[in-house]
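Quick note on labels: first sequence line is chain A, next is B, and so on, each numbered from 1. Side chains are part of it too, since the values below use all heavy atoms of this structure and drop only hydrogens, waters and symmetry mates. The structure displayed is predicted, hence computed values, not measured ones.
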Amino acid sequence: MNWFQRVRYRSRRIAKEEAVTGLWTKCLGCETMLPKNELKDNLFVCTVCGYHHRIPARQWIKLLLDPNTFEEHDVRMISCDPLEFVDEKPYKIRLDESRAKAQERDAVITGYGDIDGRKIAISIMNFEFMGGSMGSVVGEKIARLTENATRDRRHLVIVATSGGARMQEGILSLMQMAKTVGAISKHKDSGLLSISILTDPTTGGTTASFATATNLIIAEPGALIAFAGPRVIEQTIRQKLPQGFQRSEFLLGHGQLDMVVKRNEMRKTLIRIFKFVD
Amino acid sequence: MSDKEKLLDFEKPILELETRIQELRSAAREGGVESLFKEISELEVKLVEAQRELTERLTAWQRTQLARHALRPGAFDLATRIFDDILELHGDRSFGDDAAINVSMANLKGREVLLLGHIKGRETNERVKHNFGMAHPEGYRKVIRLIEFAESFKKPVISLIDTPGAYPGIGAEERGQAWVIADAIEKFMKLEVPTISVVVGEGGSGGALAVGVADRVYMLENAIYSVISPEGCASILFRDAIRAPEAAAAMKITARHAESLGVIDGIIEEPPGGAHRDWDDTAKRLSERLISSLEEISKMNTNERLAKRYEKFRKIGIFHEAES
């Protein structure tokens, strides 16, 4: 069995290391040199220190869902450029480049699938696409999926990774927070279960909306999860931040997460939770 | 610093006209010179014209400067001119009382409402006390606690937004800033009483939206509403915070843009030259809108109002669905 047969790329940071080291790669956590294949077979979790490297969105489908059960929704939805936004580069060009780089149309994949035979709805964000930022498309796809899940009585799983709201869509991005939270709230009120899985990194408007509006919140080990990113905080308070600040274990200790779960135990954990509610 | 020194560069021509009019007036009073009256009235026409032009042609950055103007009335400068019997309520019942956001019982022309507003403070010591209007999680928890209180007594909620954003700091993160903003958004989305939000100065990101999900959302003419501060956007996308004016323009943060993007329900015009030129007149305009708007949304039954509120936010967003 090869879980990662269809994967054509890895996270950018790993790819960079590869260029230098060929068949070997350096763990971003402990800097141990590891055989590429060994890391891949271990779901990109370091076999020495347990560091969870970032993985692209589609790998989560294989990690969590029963084989060949994923049915993708809203595949034709793409971002346009409502503000005609130009910074160092026009937003339109950034979008084209991101589509080419991530081989995805935007920063979230949504759809229906099965987990251990149970029919669920799932949305998975992709950090490779403009830092997983939430603009109109991300907001709309998540709201639609959630509304469909409410209608079809399916539990909802969200795998989050995001730099926050997409600045290039201005105030429209901010409003996606209200839109997605509203939809999730109705889903919860219908007696259905929603679970967020927060992965490295999840920050800004995403953390302050749908990613924390769910019934339960799980995080991968060592993930950066924040409202304001560490750089913004350092600039504001002008002092160094404590070790481990805003990492999953820190947040667990401050009562903000239900649990921290390793990548290879995530599916098993979801199945356990579903058993409780049904 | 005198009030005159607090004026912005682009306001200087107006100040010059006003000074000239005043000089002529006192000369006319003393000398009784007929010809001066003609000149004065000509200048007054010019002044009105100049103020009108100023407010119409302002760039996004100039409006940002007006929204943050040292002389601009804050939420409670306006509130005390609009509401009677204001009684402040304190605390989140678990950590503290956040002075960046004020929650009060208030009376709007005979009707009891719960009033929320950011407080930035004006002098340095006040600004520090109110943390420049940047709330911590306990501020939003206080809001959630008290809007639920208002709901149980069927009192409408009015929020006046004026914040650079929710505070980014160690304590804020430890106490769940993101979590509490999501909670506040959710609570406002479902609140069973009529709700109105008005951005009266700065509508800064999640810190504004946390108290900005309402049946009617308005902005004062020179207020701004933005996903990130112009400085923040500039330092990330333009690689230098000094390019904030460009970022402000690119993000289209003005009231007119927000209205055309379907994000707000209307704009409340400010007096000629901006809100800081006449606090009373600004308060009057705001008060009229609050009264008429509250009357309108109070006519709907609760389910209809909640459905419309949801739909309003549900529809926001612009995207494309390709053929294949």
Among [options], who wins on heavy-atom pairs under 4.5 Å with chain A?
options: B:Ile181, B:Ile185, B:Ile170; value: B:Ile170
options: B:Phe188, B:Tyr225, B:Phe238, B:Trp179; value: B:Trp179
options: B:Leu261, B:Ile228, B:Val213, B:Val227; value: B:Val227

Step through the shown structure and confirm whether more than 12 heavy atoms of other residues, nucleotides or ligands are within 6.0 Å of [atom1] on [X].
X: A:Arg238; atom1: CZ; result: no
X: A:Glu234; atom1: CD; result: yes
X: B:Glu269; atom1: CD; result: no
X: A:Gln243; atom1: CD; result: no

Test B:Glu321 against every option in A:Lys141, A:Arg105, A:Arg144 by the salt bridge (charged side-chain N to carboxylate O under 4.0 Å, His left out) rule and name the one that passes.
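Only one of A:Lys141, A:Arg105, A:Arg144 forms a salt bridge (charged side-chain N to carboxylate O under 4.0 Å, His left out) with B:Glu321, namely A:Arg144.
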
If you round to the nearest 0.5 Å, how far is [atom2] of [Y] from [atom1] of [X]?
X: B:Phe313; Y: A:Thr180; atom1: CZ; atom2: OG1; value: 12.0 Å
X: B:Ser226; Y: A:Met167; atom1: OG; atom2: CE; value: 10.5 Å
X: A:Lys179; Y: B:Lys315; atom1: NZ; atom2: NZ; value: 11.5 Å
X: B:Met251; Y: A:Glu169; atom1: CE; atom2: CD; value: 13.5 Å
X: A:Ser185; Y: B:Glu186; atom1: OG; atom2: CD; value: 3.5 Å
X: B:Ile253; Y: A:Ile171; atom1: CD1; atom2: CD1; value: 9.5 Å

Heavy-atom distance under 4.5 Å to chain A: side chain of [X], backbone, both or neither?
X: B:Ala166; result: both
X: B:Tyr310; result: side chain
X: B:Arg175; result: backbone
X: B:Lys312; result: neither

Tell me, for [X] versus chain B, whether the close heavy atoms (under 4.5 Å) come from the side chain, the backbone, both or neither.
X: A:Ile184; answer: neither
X: A:Gln176; answer: side chain
X: A:Lys89; answer: neither
X: A:Ala183; answer: both
X: A:Asp189; answer: side chain
X: A:Asp106; answer: neither
X: A:Glu147; answer: side chain
X: A:Gln246; answer: side chain
X: A:Phe210; answer: neither
X: A:Pro230; answer: neither

Shortest non-hydrogen contact from [X] to [Y]?
X: A:Ile237; Y: B:Gly169; result: CG2-CA, 4.5 Å
X: B:Ala182; Y: A:Ser209; result: CB-O, 3.6 Å
X: A:Met175; Y: B:Val263; result: CE-CG1, 3.6 Å
X: A:Leu174; Y: B:Gly206; result: CD1-N, 3.7 Å
X: A:Ser136; Y: B:Gly317; result: OG-CA, 3.4 Å
X: B:Cys233; Y: A:Phe85; result: SG-CZ, 4.3 Å

Before giving the answer on side-chain contact (heavy atoms from CB on, under 4.5 Å), spell out for B:Phe319 and A:Asp74 the whole-Å C-alpha distance, their side-chain angles and the decisive distance to 0.1 Å.
CA-CA 12 Å; B:Phe319 51 87; A:Asp74 295 316; over 6 Å; no

Please test B:Glu173 against A:Ile233 for side-chain contact (heavy atoms from CB on, under 4.5 Å), starting from the C-alpha separation and ending with a verdict.
CA-CA 10 Å; B:Glu173 294 287 323; A:Ile233 297 176; 3.5 Å; yes

Check this for me, if you would: do B:Arg314 and A:Glu140 make a salt bridge, where the nitrogen-to-carboxylate-oxygen distance has to be below 4.0 angstrom?
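Between A:Glu140 and B:Arg314 there is a salt bridge, with a charged N closer than 4.0 Å to a carboxylate O.
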
Between A:Glu84, A:Lys186, A:Gln168, which shows the greatest number of heavy-atom pairs under 4.5 Å with chain B?
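Maximum pair count with chain B is reached by A:Lys186.
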
